[in-house]
Engineer: 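Dumping the structure here so I can ask a few things about it.
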Amino acid sequence: MNNKNFIDWPTFIGALIILLAVSLPLIIVPEFGELAVSAANEFITYNFGVLYLLAGIGLFIFLVTIAFSQYGRIVLGNRGAKPEFNTITWAAMLFAAGIGSSVLYWGTIEWAYYYQWPPFNAEPGSTEAIEWTVTYGIFHWGPIAWAIYCLPALPISYFFYVRKRPVLKVSEACRPVLKKYSDGPVGTIVDILFMFGLLGGAGTTMALATPLIGQGVSHFTGIEPGMVLYTIVVVIATVIFAISSYTGLKKGIKILSNVNLVLSVVLLAFVFIVGPTMFLSRTMLNSIGLLIDNFFRMSMWTEPFSDLGPFEQTGFVEDWTIFYWAWWLVYAPFVGLFVARISKGRTLREMVVGTLVYGTVGCLLFFGILGNFGLYLELSGQYSVIDTMNNVSPEAAIIGTIDQLPASPIFVTIFVILALVFLATTFDSGSYILASVTQKEVGDEPLRWNRMFWAIILAAPSLILMYLGGLETLQTASIVGGFPLIFIMIMLGVSFKRAIKQDMPKTFGTKYYIYPEDSE
Ligand code: NM2
């Protein structure tokens, strides 16, 4: 097959057309686009919110059940297959791909929102509200979120490494449900929907990262944060992740992920040690207890009753939990494809437990250390994060928090570099996966020019929309565009169940009899 025949043109072109069809009206008539998108967003979160919450907890239970059933012992590969990456690198790659710079953003500041607008009808700023602040952030970045990420990896890795289908595509993983339709337009639509969701989700990531990195640069240089600075940030980030994606999984992506891990450990360890260590330890352990105790309550809290009056809601669930589940959902097929790709030689149980545990613990450390440090500054009166956030900007409050550390210039620098690397490690794997999905076959790696192409496409719309001020619309659009993904996720789960059921009897049988010879 020559180069051109490798490409799956309907998916490739279809994704571009959808992207243009959605971005162009937003560029041409931004006011109308904004209205339409926010109306659609409200319609979906209010009417289908319950469905999002159910999907979250349902996927979590499904994954845990699979991992600890006999299916958990299935090895992704042939007899004797060894993991391609050691466990630390694997965990670093998984975390770096699935988590962008948003963990630095929300990890440091999310508590300040919950402090002022708390869940469960707590009084703003009260002890009860304070207890939930960091805990709720950890929940939104915890086991359910990582379960959403891991689900697509089950069927995808199974088909790629066990059934040996040389295709890394969502439509391929839905084959047991879609049957022959996964080759036709229906399959193409499934792939395009996922790509569209991812491009929107990536826009959200870029929209948060750029002002944050910009704020850090402005802290040192005094340059006012604004479009010029933001453009430079986007261009530098794009160059970094394009190089990483170009050199591929075993070079750039792997190296950058490990750099990411080292910088994260240095930053977190330093804040933990020189910061208020006792306070951080207490609050983190307290959060873990609170979370375990209230896990099911939080995952199914729909706020049917509030202090605002009968049938009124504060909107906490829609603004946060549902928004988050939707955001994790749009990233899920991509992370699932990526996790699948790096998990050769592992068992399904190792893959699931590794994703849930390493993912949750990683986020817990960011939220627990950076968030509680901010909370400490606020409560001790040393620095008011909330004042800066409300009167200047959330980004200024984030950099302001890190700036309170001793030897702060070093740590603000590490923080900003880390934000850049986190962004790059999400986008390099993103472009790698988009390239895989637009190919009919993926040998060892997708084609290089194809990877480069998607690297640019990932960055370009955010840049254009940032100029036009429509980026927020794109973010919301990604949530709206991600709606069909709930159904795709369910389809992926069912496909996986069907496939292993078909294959399993050959090896294990469906029931075990301890004394098979005994008769009644
Ligand atoms: N999630 C983890 O911006 C990022 O960090 C990428 C965001 C889905 C909330 C992922």
Side-chain angles (χ1 to χ4, degrees), residues 52 55-56 59 92-110 113 136-153 194 197-213 233-234 237 241 256-257 260 263-264 319-339 355-356 358-367 370-371 394-395 398 415 418-434 458-459 462 471-472 474-476 478-479 481-482 485-486 489:
Y52 275 93
L59 293 181
M93 286 169 95
L94 158 82
F95 198 80
I99 299 294
S101 35
S102 311
V103 78
L104 296 174
Y105 191 105
W106 291 117
T108 317
I109 200 86
E110 193 161 319
Y113 287 85
Y136 235 98
I138 295 173
F139 170 68
H140 286 147
W141 292 70
I144 293 192
W146 285 92
I148 295 177
Y149 264 10
C150 190
L151 181 105
F194 132 68
L198 174 59
L199 288 165
T204 312
T205 294
M206 193 65 116
L208 284 172
T210 316
L212 178 63
I213 299 170
V233 170
V234 174
F241 71 73
L256 219 48
S257 301
N260 200 336
L263 284 182
S264 304
D319 290 350
W320 292 101
T321 312
I322 295 168
F323 163 74
Y324 262 126
W325 283 188
W327 193 13
W328 288 87
L329 266 173
V330 292
Y331 264 94
F334 142 59
V335 179
L337 283 159
F338 188 73
V339 171
T355 311
L356 297 193
Y358 291 124
T360 302
V361 171
C363 291
L364 183 136
L365 290 175
F366 276 96
F367 277 72
L370 300 180
E395 296 82 33
I398 296 169
F415 189 85
L418 191 56
L420 201 60
V421 177
F422 254 126
L423 183 68
T425 51
T426 297
F427 278 52
D428 61 8
S429 26
S431 53
Y432 188 91
I433 288 304
L434 287 171
L458 269 175
S462 347
L471 200 51
E472 249 165 55
L474 182 73
Q475 291 171 29
T476 332
S478 79
I479 306 302
L485 280 171
I486 294 198
M489 290 289 263

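Atoms within a ligand are numbered from 1 in the order they appear, just like the ligands themselves. For clarity, every value in this text was computed on a predicted model and none was experimentally measured.
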Engineer: Atom CG of Leu198 and atom CG of Leu458: how far apart are they, to the nearest 0.5 Å?
Structural biologist: 6.0 Å

Engineer: If the condition is side-chain contact (heavy atoms from CB on, under 4.5 Å), which residues does Thr425 pass it with, not counting sequence neighbours?
Structural biologist: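 Partners of Thr425 under the side-chain contact (heavy atoms from CB on, under 4.5 Å) test: Ala96, Leu256, Ser257, Asn260, Val421, Phe422, Asp428.
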
Engineer: Sort out the contact shell of ligand 1: every protein residue with a heavy-atom distance below 4.0 Å, listed by chain and number.
Structural biologist: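 Heavy-atom contacts below 4.0 Å: Gly98, Ile99, Gly100, Ser101, Ser102, Trp141, Tyr149, Thr205, Trp327, Trp328, Tyr331.
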
Engineer: Does the ring center of Trp146 lie less than 6.0 Å from the ring center of Tyr358?
Structural biologist: no

Engineer: Can you find a side-chain donor-acceptor pair between Tyr105 and Glu395 that sits under 3.5 Å?
Structural biologist: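 Side chains of Tyr105 and Glu395: pair found under 3.5 Å.
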
Engineer: Could you tell me whether Trp325 and Phe139 have their ring centroids closer than 6.0 angstrom?
Structural biologist: yes

Engineer: Do the two ring centres, one from Tyr136 and one from Trp320, sit under 6.0 Å apart?
Structural biologist: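 Centroid distance Tyr136-Trp320: not below 6.0 Å, so no.
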
